[in-house]
Participant: 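Dropping the structure in here first, questions after.
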Amino acid sequence: MIKAIDLLNFFIKNNISFFSGVPDSVLKFFIEELKSKKVNNIITTNEGSAVGISIGQYLKTRKLNVTYMQNSGLGNAINPLISIADKNIYSIPLVLLIGWRGKPGEKDEPQHITQGLKTKEILKNLNIRFIEIKSKKDFVRARKLITYAKKNLRSVALLISKKTLTGKKKNIFSSKANIKRFKFLEKLLDNIKIKDLIVSNTGYTSRELDTILKKKKRLKQKALYMVGGMGHSSSVSLGYSIYSKNKVICLDGDGSMLMHLGALATCAQLAKKNFKYILLNNFCHESVGAQPTVSKKINFKLLSESLKFKNYQKIEKINELEKKLSLFLKKDGPNFLEVLIKTGTLEKLSRPNSLKELLKKIYLFVVLRI
Ligand SMILES: Cc1ncc(C[n+]2csc(CCOP(=O)(O)OP(=O)(O)O)c2C)c(N)n1
């Protein structure tokens, strides 16, 4: 075990004071420590952008920095890592700090298994030297690796698995809205048919939806939990909706939406009237530690209009939920609904575990052509 503050101090001692990345639950205590005035931290919308910022920062300062991410985000990071930072191009030495979900031998969710198994192999294939840090003793090897990065202008990685970092949440971000996510989901289910498909994003939404569907015994509801593929819910919804006669309701979190915001332009311009996009905006990455997103200052009305959604609606208060939601669902899409969501989740939150069962339901509807 390592205290998150000790890890931060290790970096500071090694003359590293600039950090950027996408939040991760494994690294949440460390990210909390980055609120320290001694360092700069930029929370980015996706891991590729974090690599980009680190490259730019290094080019200007010639000082090492740290790019942090969950191993699920390696895919997003690989493009700039291998085509800009690589030794065959600009040789930028990046220090990657990677939360290692799905480490072989550790119990984890299905979406982390292959990624966890392949993480070391991916780094090896990218010629990125790495070590796992499990305790403060590993700081000696980590220092050597950082020296290697500096001298040879090569990127390196530090892997950290679940429950290694300890620490405290300081000021937990909370959104002041008064609509709880589960209240919204319950209302949504009251207003749609079981053959309408719900595609729900990575984060708390899928877990709450799963909990509610089980509680309500609404087991025939067509639903696809995007437990991985963060940021791709809208694209999956679009692909499905083109050949569907029923509604396709995409439920997205602000963190997930911003990760691949460009995809929404394609949806808005190419989707049919059955495409319903709902942003559950709580201004943070709540499920991995509630680190803020940049959604607070975005005017989603202007954004959705310029992306060419047919119409935009916003629900801010619980007493307008019923009316505005049913109006939104009746209107022809592709339309955009923003719902301001209060942070906090259900006490007993299930983990979607029967993903193959969900798939069977979806395929059954395909066979029945509904
Ligand atoms: C590519 C990728 N990067 C990072 C993660 C880790 N991660 C899981 S959920 C999440 C936050 C999602 O935020 P949001 O969509 O706002 O939903 P909320 O957590 O608020 O329910 C993050 C960063 C991931 N699963 N995949």
Side-chain angles (χ1 to χ4, degrees), residues 20-28 30-31 43-51 67-81 96-102 108-116 118-119 122 160 162 172-175 177 179-182 184-185 199-211 225-236 250-261 263-264 277-296 298 300 338-346 349 351-352:
S20 73
V22 175
D24 166 39
S25 55
V26 172
L27 302 175
K28 71 178 174 205
F30 175 74
I31 298 166
I43 296 175
T44 65
T45 55
N46 83 51
E47 293 78 3
S49 317
V51 169
T67 313
Y68 60 86
M69 66 189 78
Q70 181 179 101
N71 55 344
S72 318
L74 260 176
N76 285 335
I78 285 177
N79 175 241
L81 271 176
L96 310 177
L97 179 68
I98 303 175
W100 190 4
R101 295 293 301 264
D108 213 327
E109 310 297 311
Q111 67 272 23
H112 294 297
I113 293 173
T114 305
Q115 184 80 49
K118 297 285 174 191
T119 295
I122 293 171
I160 299 203
K162 280 204 294 188
I172 298 175
F173 174 87
S174 70
S175 115
I179 304 173
K180 291 191 173 155
R181 200 188 283 99
F182 81 91
F184 174 80
L185 294 176
V199 179
S200 55
N201 72 292
T202 315
Y204 277 150
T205 308
S206 290
R207 294 186 58 194
E208 285 196 8
L209 183 63
D210 186 59
T211 312
Y225 307 140
M226 291 287 290
V227 290
M230 183 170 163
H232 295 298
S233 305
S234 58
S235 299
V236 171
C250 178
L251 296 176
D252 227 350
D254 44 309
S256 302
M257 171 199 195
L258 291 166
M259 184 163 269
H260 295 297
L261 184 59
L264 273 190
Y277 184 82
I278 302 179
L279 169 65
L280 301 179
N281 194 0
N282 59 5
F283 313 112
C284 67
H285 303 90
E286 189 180 356
S287 55
V288 288
Q291 305 84 356
T293 66
V294 289
S295 77
K296 194 137 203 174
I298 299 175
F300 287 102
E338 178 185 4
V339 188
L340 298 192
I341 294 290
K342 188 176 169 57
T343 40
T345 187
L346 296 165
L349 203 53
R351 290 213 173 257

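If you're wondering where the values come from, they're calculated on a predicted model, not measured in any experiment. Order of appearance sets the numbers: ligands from 1, and atoms from 1 within every ligand.
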Participant: Would you mind running through ligand 1 and noting each atom that sits below 4.0 Å from a heavy atom of P23?
Facilitator: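 Within the 4.0 Å cut-off of P23, ligand 1 contributes 6 (C), 23 (C).
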
Participant: Let me confirm one number: the CG-CZ distance from L346 to R181, rounded to the nearest 0.5 Å.
Facilitator: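 Spacing of CG (L346) from CZ (R181) equals 8.5 Å.
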
Participant: Assess the side chains of Q115 and N71: does a donor N or O sit below 3.5 Å from an acceptor N or O?
Facilitator: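 On atom types as modelled, these side chains do not qualify, holding no pair under 3.5 Å.
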
Participant: Short list, please: which atoms of ligand 1 are under 4.0 Å from a heavy atom of R181?
Facilitator: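 Matching atoms, with element in brackets: 21 (O).
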
Participant: At a 4.0 Å threshold, what atoms of ligand 1 neighbour a non-hydrogen atom of N76?
Facilitator: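 Contacts of ligand 1 toward N76, numbered from 1: 1 (C).
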
Participant: Can you list the ligand 1 atoms lying under 4.0 Å from a non-hydrogen atom of E47?
Facilitator: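 Near E47, the atoms of ligand 1 are 1 (C), 2 (C), 3 (N), 4 (C).
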
Participant: Is there any N or O on M259 that sits under 3.5 Å from an N or O of ligand 1?
Facilitator: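 Not met; the criterion fails.
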
Participant: Decide whether T345 and E208 meet the rule of one side-chain donor and one side-chain acceptor closer than 3.5 Å.
Facilitator: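 Yes, a side-chain donor-acceptor pair sits under 3.5 Å.
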
Participant: Please list the nearest protein heavy atom to atom 10 (C) of ligand 1 with its residue and the distance rounded to 0.1 Å.
Facilitator: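 Result: M230 SD, 3.8 Å.
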
Participant: Look at the rings of F30 and Y68 and say which category their plane angle falls in: under 30° parallel, 30 to 60° tilted, over 60° perpendicular.
Facilitator: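 Ring orientation of F30 relative to Y68: perpendicular.
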
Participant: Checking the N or O distance criterion of under 3.5 Å, is ligand 1 in contact with T205?
Facilitator: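 N/O-N/O distance below 3.5 Å does not exist for this pair.
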
Participant: Provide the number and element of each atom of ligand 1 under 4.0 Å from a heavy atom of N282.
Facilitator: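 Per the distance check, 20 (O).
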
Participant: Would a distance-only check, ignoring hydrogens and angles, find a side-chain to backbone donor-acceptor pair under 3.5 Å from D254 to C284?
Facilitator: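 Yes, the answer is positive, given that a donor and an acceptor are paired below the 3.5 Å cut-off.
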
Participant: Under 4.0 Å from a heavy atom of E286: give me the atoms of ligand 1 that qualify, with their elements.
Facilitator: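 Counting from 1, the qualifying ligand atoms are 18 (P), 19 (O), 20 (O).
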
Participant: Heavy-atom count check: over 12 atoms from other residues, nucleotides or ligands less than 6.0 Å from K180 NZ?
Facilitator: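 12 or below, so no.
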
Participant: Please say whether D24 places an N or O atom under 3.5 Å from an N or O atom belonging to ligand 1.
Facilitator: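 No.
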
Participant: Okay, side chain of H285, backbone of Q291: is any donor-acceptor separation there less than 3.5 Å?
Facilitator: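 Yes, the answer is positive, given that a donor and an acceptor are paired below the 3.5 Å cut-off.
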
Participant: Need the ligand 1 atom indices (1-based, order shown) with element for anything under 4.0 Å from a heavy-atom of G253.
Facilitator: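 Contacts of ligand 1 toward G253, numbered from 1: 14 (P), 15 (O), 16 (O).
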
Participant: Purely on distance, is any nitrogen or oxygen of S256 under 3.5 Å from one on ligand 1?
Facilitator: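 S256 vs ligand 1: N/O contact under 3.5 Å present.
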
Participant: Quick check: does C284 get an N/O under 3.5 Å from an N/O on ligand 1?
Facilitator: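 Yes; at least one N/O pair falls below 3.5 Å.
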
Participant: Enumerate the atoms of ligand 1 whose separation from the nearest heavy atom of Y204 is less than 4.0 angstrom.
Facilitator: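 Those of ligand 1 that fall under 4.0 Å from Y204 are 21 (O).
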
